[in-house]
2 protein chains.
Amino acid sequence: MSYSIGQVSKELGITIDTIRYYDKAGLLPFVNRNEAGRREFTDNDVHLMRTIICLKNAGVSVADISIFIQMRLKGDGTLEQRYNLLKNHEKNLQQQITDLKDTMSYLKYKEWYYKTAVEAGTEEIHFVPCTNGCLPELEEQYCDYLKKQGDLIELDNFVNVRDYRNR
Amino acid sequence: MSYSIGQVSKELGITIDTIRYYDKAGLLPFVNRNEAGRREFTDNDVHLMRTIICLKNAGVSVADISIFIQMRLKGDGTLEQRYNLLKNHEKNLQQQITDLKDTMSYLKYKEWYYKTAVEAGTEEIHFVPCTNGCLPELEEQYCDYLKKQGDLIELDNFVNVRDYRNR
DNA sequence: GCTTGTCCTGGAGTTGACTCCAGGTTATAA
DNA sequence: TTATAACCTGGAGTCAACTCCAGGACAAGC
């Protein structure tokens with residue numbers, strides 16, 4: 001049993017053009033063709049493509065994934081290299097996750113900022129009078145708000161982010 | 001006290017060209033110039049730029065950040081719109097974090113796959129004999145490994161990801 | 001006062017990851 | 001059997017986000 005490019009496209013949620021682009025870029029050397037030259041994908045091919053998409057989601061470039069696939073073709077001699085490549089991308093990924101969490105923390109602070117401003121009807125409640133600069137105690141006020149909410153995890157995270165940003 | 005574009009560049013870890021690009025794109029209408037036409041950044045400007053970089057890290061496009069900044073210039077009438085814009089990006093961000101965590105889970109599985117293959121000296125230990133396809137019980141083996149390690153959180157996450165992928 | 005460094009603008013070039021198109025072949029359904 | 005749907009290739013186009021460059025102005029150290 002095999003699948004056409006259109007079926008795989010639907011299954012994986014990526015366009016036909018993208019699959020062909022990946023093929024051109026050397027990401028799919030394992031996909032066979034029928035007599036007419038059309039691609040025929042096996043279940044295993046689709047599984048491998050899920051791994052490729054996973055690496056993409058992890059922020060690995062098409063060029064790097066291509067290197068990984070080329071190593072795969074070379075056999076067992078490259079096992080360790082492949083392991084190291086993944087380990088490296090795990091580090092990147094961990095950093096990305098940390099960054100996004102920090103960004104989220106900051107975003108929540110900004111949401112609080114705008115929620116309170118909307119309630120007050122003006123942004124000025126956060127400014128030093130007669131300026132466009134924020135009050136120095138603003139972040140402290142937000143911490144108090146988090147404490148009142150009992151959100152100690154977010155509080156802890158925000159304090160870290162704030163320390164970093166004001167470094 | 002004010003800073004030159006070069007100082008800000010170092011402070012924020014982005015290039016001078018990128019700062020000028022952001023300015024051209026309408027992200028920095030608040031930055032003033034001196035008599036000679038050079039940009040002079042205040043502490044508050046730098047603080048605002050950190051927020052812009054934060055939004056960038058959250059995956060917000062330069063065009064969307066520009067909209068946000070334009071709303072800021074329009075004053076209190078846009079407070080609610082700004083809050084909603086942030087709330088929307090919070091959703092995106094939460095999705096990104098979830099995706100990255102799932103990707104991480106899958107990456108760890110692949111690392112285990114390669115670690116065991118390296119130890120065995122060949123990738124074939126994971127294949128159905130005489131094929132290039134993986135054993136159907138492979139993921140189960142990994143689950144057993146996680147259980148033995150006592151890593152029940154990762155186990156739980158991996159099972160979810162696996163269910164989704166094998167949907 | 002001269003050299004070297006930092007800044008300015010407008011605009012062109014680059015990169016990565018697609019996305020689209022022309023022109024053609026094969027498969028399927030009425 | 002004929003239309004239309006799905007596939008093929010090579011190559012051009014697009015888009016976002018930079019990145020670089022030419023040509024010129026101002027600043028700072030010696």
Side-chain angles (χ1 to χ4, degrees), chain A residues 1-42 45-46 49 51-70 89 92 96 99 103, chain B residues 1-42 45-46 49 51-70 89 92 96 99 103:
Chain A
M1 186 50 198
S2 71
Y3 311 97
S4 71
I5 195 169
Q7 289 172 308
V8 173
S9 157
K10 269 179 202 147
E11 174 73 17
L12 298 178
I14 57 179
T15 70
I16 290 176
D17 271 321
T18 300
I19 295 175
R20 285 204 271 252
Y21 165 70
Y22 286 168
D23 201 359
K24 280 183 198 171
L27 265 54
L28 311 175
F30 46 81
V31 176
N32 290 321
R33 308 292 183 108
N34 66 13
E35 326 74 49
R38 294 190 175 192
R39 292 173 185 85
E40 291 194 324
F41 298 77
T42 67
D45 291 348
V46 174
M49 288 175 74
T51 302
I52 286 171
I53 291 168
C54 165
L55 289 173
K56 278 247 71 223
N57 291 343
V60 184
S61 70
V62 167
D64 276 5
I65 298 174
S66 175
I67 290 169
F68 190 80
I69 299 289
Q70 299 312 312
H89 281 299
N92 288 349
Q96 281 181 59
D99 285 354
T103 302
Chain B
M1 185 51 199
S2 71
Y3 311 97
S4 70
I5 195 169
Q7 288 172 309
V8 173
S9 157
K10 269 179 203 148
E11 173 72 18
L12 297 178
I14 57 178
T15 70
I16 288 176
D17 271 321
T18 300
I19 295 175
R20 284 204 271 251
Y21 165 70
Y22 286 167
D23 200 0
K24 279 183 200 172
L27 266 54
L28 312 175
F30 47 81
V31 175
N32 291 320
R33 308 289 184 111
N34 65 14
E35 327 74 50
R38 296 192 172 189
R39 292 172 185 86
E40 291 194 324
F41 298 78
T42 67
D45 291 347
V46 174
M49 289 176 74
T51 301
I52 287 172
I53 291 168
C54 168
L55 289 173
K56 278 248 71 222
N57 291 344
V60 184
S61 70
V62 167
D64 277 5
I65 298 174
S66 175
I67 291 169
F68 189 81
I69 299 287
Q70 299 312 313
H89 282 300
N92 289 349
Q96 281 182 58
D99 286 353
T103 302

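Source: prediction; values computed, not measured. Sequence lines set the chain letters: A, B, ... in the order given, protein chains first and strands last, and positions in each chain run from 1. Every heavy atom of this structure was used, including side-chain atoms; hydrogens, water molecules and symmetry mates were not.
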Practice task
Select from Gly37(B) and Arg20(A) the residue whose nearest nucleotide in DNA chain C is closer to the 5' end of that strand.
Solution key: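 Taking each residue's closest nucleotide, the earlier one in sequence belongs to Gly37(B).
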Problem - Residue whose closest nucleotide on DNA chain C lies nearer the 5' end, Ala36(B) versus Thr18(A) - result: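 It is Ala36(B) whose nearest nucleotide is closer to the 5' end.
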Practice task
On DNA chain C, reading 5' to 3', which nucleotide is the first and which the last to sit with an atom under 4.0 Å from a heavy atom of chain B, could you check?
Solution key: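 Answer, 5' to 3': dT6(C) to dG11(C).
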Handout entry: DNA chain D: 5'-proximal contact among Lys24(A) and Ser4(A) (nearest heavy atom)
Key =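 Looking at the nearest nucleotide for each, Ser4(A) comes out on the 5' side.
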Handout entry: Residue-phosphate contact under 4.0 Å: Arg33(A) side-chain N/O, dT9(D) OP1/OP2
Key =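 Answer yes for this pair, as a side-chain N or O of Arg33(A) is under 4.0 Å from OP1 or OP2.
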Practice task
Taking only the side-chain nitrogens and oxygens of Tyr22(B), find out if one of them lies under 4.0 Å from OP1 or OP2 of dA17(D).
Solution key: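 Answer is no, no contact under 4.0 Å.
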Handout entry: Verdict with supporting geometry, Arg20(A) and Thr15(A), side chain to side chain contact (heavy atoms under 4.5 Å, CB included)
Key = CA-CA 9 Å; Arg20(A) 285 204 271 252; Thr15(A) 70; over 6 Å; no
Exercise for the section: Starting at atom CD1 of Ile53(B), determine the distance to atom C1' of dC18(D), rounded to an integer number of angstrom. Expected result: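 Rounding to the nearest Å, CD1 of Ile53(B) and C1' of dC18(D) are 14 Å apart.
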Practice task
Would you indicate what Arg39(A) reaches in the nucleic acid, counting non-hydrogen atoms under 4.0 angstrom: base, sugar-phosphate, or nothing?
Solution key: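 If one applies the 4.0 Å heavy-atom cut-off, Arg39(A) turns out to touch the sugar-phosphate alone, with no base involved.
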Practice task
Please determine, for the side chain of Val62(B), which listed nucleotide (dA17(D), dT19(D), dC7(D)) has the closest atom?
Solution key: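 Nearest nucleotide to the side chain: dA17(D).
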Exercise for the section: Quick one: closest heavy-atom pair of Ile16(A) and Gly6(A), and the distance? Expected result: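 So the two residues come closest at CD1-CA, 4.0 Å.
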Handout entry: Ion pair Arg39(A)/Asp23(A), N-O distance below 4.0 Å
Key =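 Counted as a salt bridge, because a side-chain N and a carboxylate O are separated by less than 4.0 Å.
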